[in-house]
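Single-structure report; data block below.
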Amino acid sequence: MVSARPRDRILNTATALFGAEGIGAVGVNRIIGQADVAPMTLYRQFGGKDALVAAALEQWSTQWLHRLAEAMDRHGDDPGDRFDGLWDELEAWFAEDGFRGSFVANAATQPRIVQHRQALRQLLEDLAKSAGAYDPAVLAAQLQVLVDGAISAASVDRDRTAASGARALARAAITASSS
């Protein structure tokens, strides 16, 4: 059921549009039109697009984390089963029509970031080749996930041990890729 509250209509509309099309591609006039509110209502509720983007990111994140938690809860209390629930839900999300990835991660996607990520992937692929990986591109992709996760844990969670945990997983991936 769609909320009759203008703030909720604006936020739900913005979250859906930003998630589907990207923040830069969606203007406030379009959000105002689709949410069926007056322009002043948007500005009174959010002040402008930047605050609306922040609220949309928070809403998307809360909904996404709730989705993952529910999926794990459906698998009971056994940690192994709960991990399966997590991975099953991610697989289901990835297979959805219109899947565009994490709205939070996509909010940071710009051409320079894409170039940076491609350069990192090439560096890791070169490293994988020198390590004798059976398929260096696959190992590079796996290592990039670990690097991304370690960076995120270190910066967002302030986990100074993130690199050592990722290193242990990387060693296992490297060993498995050259077997």
Side-chain angles (χ1 to χ4, degrees), residues 14-27 49-72 75 79-179:
T15 302
L17 289 173
F18 292 154
E21 299 177 27
I23 293 166
V26 178
K49 186 173 180 180
D50 288 344
L52 179 56
V53 167
L57 285 165
E58 182 178 340
Q59 176 172 290
W60 184 92
S61 176
T62 299
Q63 291 171 342
W64 186 74
L65 292 170
H66 183 73
R67 175 181 176 169
L68 293 180
E70 282 184 341
M72 291 185 295
H75 282 76
D81 292 342
R82 292 179 64 79
F83 272 115
D84 285 342
L86 169 70
W87 296 115
D88 290 349
E89 190 62 27
L90 288 173
E91 286 177 353
W93 180 43
F94 299 166
E96 288 177 1
D97 287 340
F99 170 75
R100 290 185 40 98
S102 167
F103 174 31
V104 175
N106 291 344
T109 302
Q110 295 181 14
R112 288 183 182 165
I113 294 171
V114 171
Q115 289 174 336
H116 168 77
R117 293 186 55 73
Q118 289 170 341
L120 174 60
R121 177 71 61 94
Q122 187 60 57
L123 177 73
L124 294 171
E125 190 169 335
D126 292 346
L127 181 61
K129 285 177 188 170
S130 71
Y134 175 74
D135 189 337
V138 169
L139 179 58
Q142 293 168 340
L143 295 174
Q144 191 163 12
V145 168
L146 293 173
V147 169
D148 289 345
I151 291 169
S152 180
S155 65
V156 176
D157 302 334
R158 300 290 184 227
D159 180 357
R160 295 179 183 260
T161 66
S164 62
R167 179 194 318 254
L169 291 171
R171 283 185 177 149
I174 291 166
T175 299
S177 74
S178 58
S179 298

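Basis for what follows: all heavy atoms, side chains included, without hydrogens, waters or symmetry-related copies. Quick caveat: nothing in here was measured; it's all calculated off a predicted structure.
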Please walk me through it: do Phe94 and Glu89 pass side chain to side chain contact (heavy atoms under 4.5 Å, CB included)? CA-CA 9 Å; Phe94 299 166; Glu89 190 62 27; over 6 Å; no
Flag if over 12 foreign heavy atoms under 6.0 Å of CZ, Arg167: no
Calculate, to the nearest 0.5 Å, the distance between atoms OG and OH belonging to Ser178 and Tyr134 respectively. 13.0 Å
Return the orientation label for the Trp93 and Phe99 ring planes: parallel under 30°, perpendicular over 60°, tilted otherwise. perpendicular
Between Val147 and Ile151, is any pair of side-chain heavy atoms under 4.5 Å apart? yes
List the atom of Ala140, the atom of Ala128, and the distance in Å for their closest heavy-atom pair. N-CB, 4.5 Å
Should Gln144 and Arg117 count as side-chain neighbours, where that means a heavy-atom distance under 4.5 Å? yes
Rounded to the nearest 0.5 Å, how far does CG of Leu120 lie from CD of Glu125? 11.5 Å
Donor-acceptor under 3.5 Å (Arg82 side chain, His75 main chain): no
Pairwise distance CG(Leu17) to CD1(Ile23) - rounded to 0.5 angstrom: 11.5 Å
Partners of Gln59 by side chain to side chain contact (heavy atoms under 4.5 Å, CB included), sequence neighbours excluded? Leu11, Asn12, Thr15, Gln63
In terms of heavy-atom contacts, Gln142 and Ala173 come closest through OE1-CB, 4.1 Å
So, does Thr62 use its side chain to make a donor-acceptor pair with the main chain of Glu58 at under 3.5 Å? yes
Pairwise distance CZ(Phe83) to CG(Asp88) - rounded to 0.5 angstrom: 13.0 Å
Would you say that Gln122 contacts Gln118 through its side chain, given a criterion of any heavy-atom pair below 4.5 Å between the two side chains? no
I'd like to know if the side chain of Lys129 and the backbone of Asp135 have a donor-acceptor N/O pair within less than 3.5 Å. no
Would the distance check show the side chain of Asp157 and the main-chain N or O of Asp159 forming a donor-acceptor pair, the cut-off being under 3.5 Å? no
Validation row: Ser61, Phe103 side chains within 4.5 angstrom (heavy atoms): no
Below 4.5 Å, heavy atoms only, C-beta onward: do Leu90 and Leu68 meet side chain to side chain? yes
Considering all heavy atoms of both residues, which atom of Ala153 and which atom of Ala162 are nearest to each other, and what is their separation? CB-CB, 3.8 Å
In terms of heavy-atom contacts, Glu21 and Arg100 come closest through C-NH2, 3.7 Å
Roughly how far apart are Ile174 CD1 and Arg171 CZ, rounded to 0.5 Å? 8.5 Å
Of the non-hydrogen atoms in Ser130 and Leu127, which two are nearest, and what is the gap between them? OG-O, 2.8 Å
